[in-house]
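Chain identifiers are assigned alphabetically (A, B, ...) following the order of the sequence lines, protein sequences preceding nucleic acid strands; residue numbering begins at 1 within each chain. Remember, predicted model here, so these are calculated numbers, not experimental data.
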Amino acid sequence: MNVIDTARPPERAASRTATFKPSLLLSEHHHLCPGCGEPVAIRLILEVIQELELTQNNICILGHGCYGSFIMQMDVDSTLCLHGRGPAVATGMKRIRPQTAIWTLQGDGDMTSEGLAEIMHAAARGENVTCFMLNNGVFGDTGGQMTASSVIGQRTKNTLEGRDAAYHGNPIKLAEIVASMDGAAYVARGSVHNAASINATRKLIRKAFQRPMEGQGLALMEILTMCPTGWFVPPGEGAEYMMESLGKVYGLGELKDVAAAASPEDAGV
Amino acid sequence: MSGMRLLDGSEAIVEAAIMAGLRFYAGYPIAPATELLEYMAEKLPSVGGVCVNADTEIEAVNMALGAAQVGARAATGSCGQGLALKQEAIAEAALNETPLVVFNMARNQQDYFQATRGGGWGDYHTVTYAPKDLHEAVELTHVAFHVADKYRVPVIFMGDNLLARTQMGTSLPVPELEKLPAKDWALDGTMGGTGASRWIWTFGGGKANRPGVGPDGYWRQIAEKFQRIARDEMRHEQCFCEDAETVVVAFGSAGKFVEHVVRELRKEGMKIGFFRPITLWPFPADALDAATRDAKNILVFELNAGQMIDDVRLSVEGRRRIAAIGGVSFDDSGLNLGPLLDADIIRERILAQLSGQPLRQLPYTGMGAYL
Amino acid sequence: MSQAAVAMPAAAAAPRRKVTRGTVVIAADRCKGCELCIPACPPGVLSMSKTGNHLGYLYPELAPGCTGCTACQQVCPDFVFEVWRYQEPIVEEDTAP
């Protein structure tokens with residue numbers, strides 16, 4: 001097997017089909033663990049912001065989690081708010097700047113555990129903001145403890161024998177709940193465990209930005225992301241483990257799209 | 001008198017706030033801050049502002065943070081119980097330099113420590129203004145928004161039940177305040193992809209291509225800022241202290257009652273003075289020390305179990321001269337200043353303390369309001 | 001008469017050709033060895049190195065047969081891949097057994 005030199009771009013005539021990173025990332029460097037799904041999700045979000053020409057008309061509100069460090073990497077006007085309070089901060093911003101795309105970047109711990117009231121009340125009010133929940137079923141930032149969306153049987157640092165409903169309670173399927181709320185315009189769940197699902201998730205993210213900008217209400221975009229460190233699995237096995245655990249409880253696809261209901265033909269974009 | 005209007009404190013504060021440029025308020029009903037929310041809901045939309053009925057006090061203060069971070073003058077409000085829920089966000093505003101006015105229409109004077117010591121995390125202070133009546137409340141509302149923007153800090157406006165619900169005639173005068181620079185720090189979403197995108201963040205970390213000073217440097221800079229504020233924004237009021245053998249210290253509505261009694265006693269030939277902190281933080285320590293240097297007695301009248309008295313003790317040489325003549329005092333609803341706030345009782349207590357008599361304790365007000 | 005009986009002489013069988021339509025630049029120094037790109041590569045031309053980068057992580061190496069499809073770049077959490085597609089594919093004798 002001869003190994004091709006991949007240290008530098010080819011001399012042979014070629015065109016570039018993919019860059020290392022989206023231009024809205026200031027650098028490729030970050031501290032997240034090997035096999036983490038969050039940088040992949042964030043890359044998708046930034047690419048969609050560019051596609052929708054929102055680059056100079058968006059503000060990101062980051063919650064607390066591993067993704068929080070991306071406040072430094074993202075070349076986007078951003079604030080790191082209090083744990084769980086993103087949707088409330090977003091409300092204040094959007095009410096003052098209705099023309100600007102306001103989006104929160106949160107984890108399952110940030111949104112479903114700490115900030116459950118915030119996301120649900122913002123949804124009920126139909127705030128025209130986009131809320132992302134990167135769901136890996138653990139508090140990754142602190143080393144992988146149980147969250148409100150850890151699934152039954154999932155081993156975490158404080159459920160070493162696996163989450164047990166009788167003792168640790170049951171996971172909260174937040175997307176399903178928010179989808180049932182008037183005021184929620186778009187609710188979908190994607191994942192980044194392989195190239196196919198990454199491309200499918202990109203399309204969902206596009207609508208998650210569009211619906212609020214069309215003034216139709218809140219969009220909740222949940223993205224399942226791998227956390228091999230927090231799951232006690234080798235990085236290479238994170239994708240498969242995810243679909244065997246979280247993937248069994250959190251179904252992928254669109255849970256709600258008011259625009260689809262309103263005008264079916266543009267829903268197929 | 002042109003433009004005189006009979007308004008209660010809550011409405012006067014809302015009118016003044018809107019004149020000061022307030023465009024976002026989020027609140028949650030709680031006596032006696034409910035009227036503030038109702039007036040905001042009624043008046044803000046007509047000036048293109050926003051009033052959100054938040055579903056929790058924590059949501060409300062974080063909404064106000066968001067509105068402030070995109071450059072609007074924003075506020076939230078409650079009473080002491082609600083401000084207890086907002087402490088984390090108030091500390092956050094101090095430590096990520098978000099200007100924010102927080103109205104505490106307090107039920108009493110028992111929130112002095114909460115306002116001046118703060119219940120959040122980290123090294124921070126909250127500039128706190130305590131008006132003695134509606135007229136000063138109107139002025140201090142303008143000052144609160146001004147100081148919040150000037151230094152990018154949270155500011156607490158310490159009102160109370162009496163102020164909230166007492167009507168006075170006012171022409172809503174606007175105080176002279178220096179012009180402030182534009183808010184180029186505010187997020188507006190337009191700097192994406194330019195390499196100069198903005199950030200607001202308690203860690204002062206900045207961006208990969210323009211790193212901030214980092215938490216150590218940022219929190220030291222913020223501590224230095226609070227020292228500047230303490231030096232430049234201290235406010236107090238005093239009278240008859242030059243030759244006073246006794247100086248009575250009081251703040252807020254209680255300050256107005258005590259001032260009345262001191263003037264009365266002064267007319268009767270007593271060498272007595274009056275000192276009223278207007279900023280509870282920064283506490284006017286040097287001014288108090290100077291005003292009481294020759295006084296034999298320093299009496300502190302506040303409607304709580306003794307909180308401001310700590311700051312008085314910290315401010316003056318010789319603590320033995322200091323005595324508390326106030327006390328816990330609620331009406332029978334537990335939502336309002338109690339019967340101790342009475343000129344005759346204040347007079348009686350001053351004279352009793354100076355003549356070595358014990359202070360007469362009032363009977364408990366009981367549960368009258370609820371039976 | 002069954003068709004199979006007609007045997008083609010082995011030597012005349014068309015030689016197996018290896019087509020390489022593109023290539024990637026791999027920032028091996030940034031790789032954290034998670035291996036997510038290995039199974040993601042449709043033609044399976046990525047495999048982990050035998051020696052580690054300066055952090056000690058093994059990193060992906062490229063063999064002929066890349067199609068420039070960008071799957072590796074899509075799944076990579078550390079932004080290690082830049083993908084190129086040749087205007088004219090490289091066609092080689094496939095000497096591999």
- Specify which of Ala89(B), Ala64(B), Gly195(B) makes the most heavy-atom pairs with chain A at under 4.5 Å. Gly195(B)
- Message: For the NZ atom of Lys94(A) and the CE atom of Met63(B), what is their distance to the nearest 0.5 Å?
- Response: 15.0 Å
- For Asn209(B), look at atom CG and say whether over 12 heavy atoms of other residues, nucleotides or ligands are found less than 6.0 Å away. yes
- Query: What option among Asn57(A), Leu80(A), Ile61(A), Ile49(A) has the most heavy-atom pairs under 4.5 Å with chain B?
  - Reply: Leu80(A)
- Take Trp201(B) and Met72(A), measure what side chain to side chain contact (heavy atoms under 4.5 Å, CB included) needs, and give me the verdict at the end. CA-CA 10 Å; Trp201(B) 180 15; Met72(A) 293 190 72; 3.4 Å; yes
- Note on the structure: In short, side-chain hydrogen bond (donor to acceptor under 3.5 Å, both in side chains) pairs touching residues 89-106 of chain B with sequence neighbours left out are Gln69(B)-Thr98(B), Asn96(B)-Thr98(B), Glu97(B)-Tyr218(B), Glu97(B)-Lys225(B), Asn104(B)-Asp111(B)
- Item | Spacing of Asn58(A) atom CG and Asp188(B) atom CG [to the nearest 0.5 Å] | 10.5 Å
- Query: At a heavy-atom separation under 4.5 Å, does Arg95(A) approach chain B through its side chain, its backbone, both, or neither?
  - Reply: both
- Query: Taking all atoms of both residues into account, what is the closest heavy-atom pair of Arg97(A) and Val70(B), and its distance?
  - Reply: CD-CB, 3.9 Å
- chain A neighbours within residues 47-55 of chain B, where any heavy atom lies under 4.5 Å away: Val50(B), Val52(B), Asp55(B)
- Query: In terms of heavy-atom pairs under 4.5 Å, which option from Arg125(A), His29(A), Met74(A), Gln56(A) contacts chain B the most?
  - Reply: Gln56(A)
- Task: Tell me, yes or no, whether the heavy-atom count around Arg220(B) atom CZ, taken from other residues, nucleotides or ligands under 6.0 Å, exceeds 12.
- Result: no
- Counting only heavy atoms closer than 4.5 Å, note whether Cys60(A) contacts chain B via side chain, backbone, both or neither. neither
- Measuring heavy-atom distances to chain A, does Thr202(B) have an atom under 4.5 Å in its side chain, in its backbone, in both, or in neither? neither
- Task: Find the one option among Ile96(A), Leu25(A), Leu62(A) whose heavy-atom pairs under 4.5 Å with chain B are most numerous.
- Result: Ile96(A)
- Message: Can you tell me how far apart OG1 (Thr91(A)) and CZ (Phe24(B)) are? Round to the nearest 0.5 Å.
- Response: 7.5 Å
- Query: Stepwise, does the side chain to side chain contact (heavy atoms under 4.5 Å, CB included) test hold for Arg198(B) with Ser78(A)?
  - Reply: CA-CA 6 Å; Arg198(B) 300 188 193 90; Ser78(A) 34; over 6 Å; no
- Task: I would like to know whether Ile58(B) and Glu118(A) meet side chain to side chain contact (heavy atoms under 4.5 Å, CB included); could you show each step before the answer?
- Result: CA-CA 9 Å; Ile58(B) 294 173; Glu118(A) 277 73 13; 3.9 Å; yes
- Residue pair Asp77(A) / Thr190(B): nearest heavy atoms and the distance that separates them: OD2-N, 3.4 Å
- Message: Taking side chain as everything from C-beta outward and backbone as N, CA, C, O, which of these in Leu82(A) sits under 4.5 Å from a heavy atom of chain B? Side chain, backbone, both or neither.
- Response: both
- Name the member of Ala72(B), Gly206(B), Ala60(B) that forms the most heavy-atom pairs with chain A at distances under 4.5 Å. Gly206(B)
- Query: About how many Å separate CG of Leu65(B) and SG of Cys81(A), when rounded to the nearest 0.5 Å?
  - Reply: 9.0 Å
- Within 6.0 angstrom of Glu53(A) CD, more than 12 heavy atoms from elsewhere: no
- Would you say Phe113(B) has more than 12 foreign heavy atoms packed within less than 6.0 Å of its CZ? yes
- Between CG of Leu26(A) and OG of Ser197(B), what distance do you get to the nearest 0.5 Å? 5.5 Å
- Message: Would you compute the distance between atom OG1 of Thr56(B) and atom CZ of Arg85(A) and round it to the nearest 0.5 angstrom?
- Response: 7.0 Å
- Let me know if Thr100(A) has heavy atoms under 4.5 Å from chain B in its side chain, its backbone, both or neither. side chain
- Query: Which pair of heavy atoms, one from Gly192(B) and one from Leu24(A), lies closest together, and at what distance?
  - Reply: C-CD2, 4.2 Å
- Heavy-atom nearest pair, Ile71(A) first then Ile200(B), reads CD1-O, 4.3 Å
- Item | Closest approach of Met93(A) to Gly66(B) (non-hydrogen atoms, all atoms of both residues) | CG-O, 3.3 Å
